[in-house]
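Each ligand, and each atom within it, is numbered from 1 in the order the structure gives.
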Amino acid sequence: MEIEFRLDGPEGAPLLVLSNSLGTTWAMWQAQIPALTQHFRVLRYNTRGHGRSAVGQQPVTLERLGQDVIALLDHLDVERACFCGISLGGMTGMWLNRHAPERFQRIVVANTAARIGQEAGWRDRAATVREQGMDPVAQSAADRWFTPAFRQNNPEVVYPLIEQLAATPAEGYAACCDALAMADLRDELTQMPRPMLVIAGESDPVTTSRDAEAIVVDAPHAHYLVLPASHLSNVACAAAFNQHVITFLTAGAEHELNH
Ligand SMILES: O=C(O)CC1=CCC(=O)O1
């Protein structure tokens with residue numbers, strides 16, 4: 001496999017795929033694992049270009065990131081799974097809802113948008129890391145990811161994530177910035193048939209609560225939840241995040257598995 005993955009939780013439990021954000025690894029889900037493995041076999045993977053997942057020879061696109069998830073399910077011989085992704089991982093989740101709904105039962109997308117930022121901004125960021133490495137983005141990430149209060153009170157949580165970002169292969173990060181430059185699901189929201197929980201962070205400066213509301217307005221079976229967090233709501237509000245994800249993903253499971 002080009003994509004690095006790991007499995008936690010009981011064999012035979014329903015599979016839940018977790019998809020990380022730009023510049024993080026599967027370690028960003030650490031606070032979810034004890035709770036989610038009570039209910040699911042959890043498949044974590046590192047998004048293409050992150051951790052030891054290959055960036056590949058072709059340009060990275062949102063479609064390619066979605067196809068990586070399908071390839072993982074095929075590799076593990078899993079017909080249908082639940083999915084939870086954050087930020088870029090949330091866009092991957094919406095792409096899967098649109099293009100491969102038959103492979104997913106329920107989908108959670110957190111701190112994401114149908115269009116994140118602008119093309120020029122992502123192209124600039126890609127050029128910066130290709131020229132200067134990861135330091136410039138690592139220096140500014142904590143401000144984008146966490147509220148000032150969370151940063152001040154939880155340095156032992158924040159710094160390891162910034163170290164992960166600094167260790168991300170520059171070309172992998174840049175290739176995913178290029179994918180974000182082109183990714184735009186705004187015209188496809190009405191064609192996402194699977195139930196979808198859309199989680200926003202009330203202080204998220206990157207993907208705002210208005211971005212999340214816009215998804216819920218157009219996607220047919222989308223539900224909105226806002227948490228008192230900035231961009232990495234699964235880290236800052238882990239207990240509430242876990243509880244809402246479990247409640248949503250386990251609701252209607254028996255019925256939906258058979259349809
Ligand atoms: O800019 C960031 O670091 C936040 C972000 C945007 C897309 C993503 O996955 O993370």
Task: Flag, side chain of D211 to backbone of T208, donor-acceptor distance under 3.5 Å - done: yes
Open item on the list: I'd like to know if the side chain of N234 and the backbone of A238 have a donor-acceptor N/O pair within less than 3.5 Å.
Closed with: no
Task: Sidechain-backbone polar pair: R115 side chain, A183 backbone, donor-acceptor under 3.5 Å - done: yes
- [ ] Using the ring of F5 (Phe, Tyr or Trp, six-membered ring only), decide whether R44 places NZ or CZ under 6.0 Å from its centre and within 45 degrees of its axis.
- [x] no
Open item on the list: Please verify the inter-ring angle class for F104 with F83; under 30° counts as parallel, over 60° as perpendicular, anything in between as tilted.
Closed with: perpendicular
Distances under 3.5 Å, N/O of ligand 1 against N/O of the protein: list each pair and its distance.
from	atom 1	to	atom 2	distance (Å)
ligand 1	1 (O)	R125	NH1	2.8
ligand 1	1 (O)	R125	NH2	3.0
ligand 1	1 (O)	R144	NE	2.9
ligand 1	3 (O)	R144	NE	3.2
ligand 1	3 (O)	R144	NH2	3.3
ligand 1	3 (O)	W145	NE1	3.0
ligand 1	9 (O)	L22	N	2.8
ligand 1	9 (O)	S87	OG	2.8
ligand 1	9 (O)	L88	N	2.9
ligand 1	10 (O)	S87	OG	3.0

Task: Under 3.5 Å donor-acceptor, N242 side chain and A31 backbone - done: yes
